[in-house]
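Everything on this sheet refers to the single structure shown next.
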Amino acid sequence: MEGAIDIRLVVSLASTLVAIAGAAAVARVQIKQLIQQLGDLEARHRGTDRRIDKLDNATESQEVRLKTLSGILSPDALRRDHYELSALISDVKYLREEVASQHRMHNTVHPPVANTRTAE
């Protein structure tokens, strides 16, 4: 029996080969599923990155707007604007008085003016 191949050895080798082939088939299916899952996760990751980029851009845009509005509505800017506005109001009031004075002057009866002019 030393030189002969035993039937048990053949069955054992055959079962080992079948087990290895089955394990390889299972591994191939699992690797295929893992590759699909990896592709799905990568697509989700890219989508999340796009959403984060959009949110970052929106946040930066809002920050710029907020800085602009805070500059416009700052106490120093409002005080300066109020000073300018009060100066404009007083100038308009003065100009209205001047126009009224001119209007009174030129819409009344003038004294007669001589036809001859003399240089003095």
Check: Arg8 main-chain N/O paired with Ser12 side-chain donor or acceptor under 3.5 Å: no

Residues which pass side-chain hydrogen bond (donor to acceptor under 3.5 Å, both in side chains) with Glu60, listed by chain and number, not counting sequence neighbours: none

Note: Arg50-Asp53 ion pair, threshold 4.0 Å (strictly below): no

Donor-acceptor contact below 3.5 Å, side chain Thr68 vs main chain Val64: yes

Sidechain-backbone polar pair: His82 side chain, Leu78 backbone, donor-acceptor under 3.5 Å: yes

Non-neighbouring partners of Arg28 that pass side chain to side chain contact (heavy atoms under 4.5 Å, CB included), sequence neighbours left out: none

Side-chain (Ser15) to main-chain (Val11) donor-acceptor, under 3.5 angstrom: yes

Short N-O contact, Glu42 and Arg46, less than 4.0 angstrom: yes

Rounded distance [0.5 Å steps], CD in Glu63 versus CG in Asp56: 9.5 Å

Closest non-hydrogen atom pair between Ala77 and Gly71, with its separation: CB-O, 3.5 Å

Salt-bridge contact Asp40-Arg44 (side-chain N to carboxylate O under 4.0 Å): yes

Over 12 foreign heavy atoms within 6.0 Å of CD1, Ile7: no

Contacts of type side-chain hydrogen bond (donor to acceptor under 3.5 Å, both in side chains), residue Arg51, not counting sequence neighbours: Thr48

Note, Asp81 side chain near Glu84 side chain (heavy atom, < 4.5 Å): yes

Gap between atom OG of Ser70 and atom CG of Leu66 - 0.5 Å precision: 5.5 Å

Atom pair CG/CD of Leu69 and Gln62 - distance to nearest 0.5 Å: 9.5 Å

